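Each remark here refers to the structure printed beneath this line.
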Amino acid sequence: MRIATWNINGINARLPAVLTWLDEAKPDIVGLQEIKCLDENFPREEFESRGYNLETHGQKSWNGVALLSKIPFDEVHRGLAGDEEDLQSRLIEGVFSTEDGGIVRVCNIYLPNGNPVDTEKFPYKLGWMDRLYNFVEERLALEEPFVLMGDFNLIPTGYDCHDPKAWWGDALFRPESLEKWRRIMNLGMTDALRATTDEQAFTFWDFQAGAWRRNAGIRIDHLLLSPQAADRLKAVKVHKDTRGWDKPSDHVPVEGDFALVGLSQKAA
DNA sequence: ATGCCTTAAAGGTTAAGA
């Protein structure tokens, strides 16, 4: 089973690229972030005609997440618990049956950026990460294959960054953010990319200042795995080539291959 | 360089992203 995450920075602007990539990579489950549209405006037909089931958690103009799956959804959950006043659409989770009689749980997140740090955006990020900690703690207690993936807006180490000194202090790479990240990881989650390679890999290159040309990237899109998911991990791939496509997103897809087979996959 | 590009939604510009 191939499970992938991609911040597409607008579904309308990115539709051709996303469809081209789906046809190439043939993922079974995909989490998209920054769909930037209302649920009713998502171009469903393009995905359903390719055999994907689709669930969205959108909002007007900004944010918004979606899950595509060749495997029918057993359950869908929208939103992160813990703050009634948080109206931003940043989390969607699906539960899917597998051939072995078990399930795989896939949660797709768009973690708040948090910049500028002297505004309310930064405490919002930290509060969101505290709520995510509680969520992950609950999920791990289920002892299931669980994949928490998405745009975390977090650089785990200086090695995950072209220029750590330039980024240090940014909401993506500073002590308060890293402390929250490590608390979550220390619950027992595995960073899928780091479990399979020591090579430097980036997932985001800014549109500006020739960041792509200079390979001035950072790694902020992650797949984090419960022990039961990590045990089934076979390979991880970063689809760096998509950043060089026409009308690219500033992020690229990250996919994990797992020794799992979905139950009654919808025919393509 | 606290936005050099890109997106969305408006509306002839502004806010947001990382």
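The analysis underlying the following values was restricted to heavy atoms, covering all of them including side chains, and did not include hydrogens, waters or symmetry mates. All chains are named by letter (A, B, ...) in the order of the sequence lines, taking the proteins before the strands, and each is independently numbered beginning at 1. What you see is a predicted model; the values in this text were computed from it and never measured.
When the nearest nucleotides of DNA chain B are assigned to A:G10 and A:W62 by heavy-atom distance, the more 5′-ward of the two goes with A:G10. Taking for each of A:L38 and A:E34 the nucleotide of DNA chain B with the nearest heavy atom, the 5'-most of the two is the partner of A:L38.
Using a 4.0 Å heavy-atom distance criterion, A:D170 is classed as making no nucleic acid contact. Note on A:N7: only backbone sugar-phosphate atoms sit closer than 4.0 angstrom, heavy atoms only; bases stay farther off. A:N12 comes within 4.0 angstrom of the backbone, heavy atoms only, and of no base. Counting any heavy atom pair closer than 4.0 Å across all strands shown, A:F173 reaches no nucleic acid atom. Across all strands shown, A:K121 has heavy atoms under 4.0 Å from sugar-phosphate atoms exclusively, and none from any base.
For A:Q208, whose side chain is taken as the heavy atoms from C-beta onward, the closest listed nucleotide among B:dA8, B:dC4, B:dG17 is B:dC4. Side chain of A:D206, nearest nucleotide from B:dG17, B:dG3, B:dA8: B:dG3. When each of B:dA8, B:dA9, B:dT6 is scored by its nearest atom to the side-chain atoms of A:K60, the top-ranked nucleotide is B:dA9. Closest to the side chain of A:R14, from the set B:dT7, B:dG17, B:dC4, is B:dT7.
Rounded to the nearest Å, the gap between the C1' atom of B:dG3 and that of B:dT7 is 13 Å. Separation of the C1' atoms belonging to B:dT2 and B:dG17 is 13 Å when rounded to the nearest angstrom. Here the separation of B:dA10 from B:dA15, taken at their P atoms, is 15 Å to the nearest Å. Separation of the P atoms belonging to B:dG11 and B:dA16 is 14 Å when rounded to the nearest angstrom.
The distance from atom OH of A:Y110 to atom P of B:dA16 is 12 Å, rounded to the nearest whole Å. Atom CG in A:N63 sits roughly 11 Å away from atom P in B:dA16 (whole-Å rounding). Between the CH2 atom of A:W245 and the P atom of B:dT6 there is a distance of 18 Å, rounded to whole Å. Atom CG of A:D151 is separated from atom C1' of B:dA16 by 14 Å (rounded to the nearest Å). With rounding to whole Å, A:L15 atom CG is found 11 Å from B:dA8 atom P. Rounded to an integer number of Å, the gap from CD1 of A:I35 to C1' of B:dG17 is 16 Å. Between A:F207 atom CZ and B:dA8 atom C1' the separation is 13 Å, expressed in whole Å. Nucleotide B:dT7 holds its P atom 9 Å from the CG atom of A:D250, rounded to whole Å.
Pairing partner, B:dC5: B:dG17, with both Watson-Crick or wobble hydrogen-bond distances short of 3.5 Å. Pairing partner, B:dG12: none, since no Watson-Crick or wobble contact has both distances short of 3.5 Å.
Here the straight-line distance linking atom CG of A:L80 with atom OH of A:Y110 works out to 15.0 Å at 0.5 Å rounding. For the atom pair A:S249 OG and A:Q33 CD, the distance stands at 9.5 Å (nearest 0.5 Å).
Using modelled atom types and a 3.5 Å distance limit, the side chains of A:N53 and A:S69 yield no donor-acceptor pair.
No cation-pi contact links A:R243 to A:F202, judged by a cut-off of 6.0 Å to the six-membered ring centre and 45° from its axis.
Between A:L178 and A:P156 the shortest heavy-atom distance is CD2-O, 3.5 Å.
When the side-chain nitrogen and oxygen atoms of A:K36 are compared with OP1 and OP2 of B:dA9, none of them lie within a distance under 4.0 Å.
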Original post:
salt bridge (charged side-chain N to carboxylate O under 4.0 Å, His left out) between A:R219 and A:D191: does it pass, once the steps are laid out?
Top reply: CA-CA 12 Å; A:R219 187 170 75 95; A:D191 178 342; 2.8 Å; yes

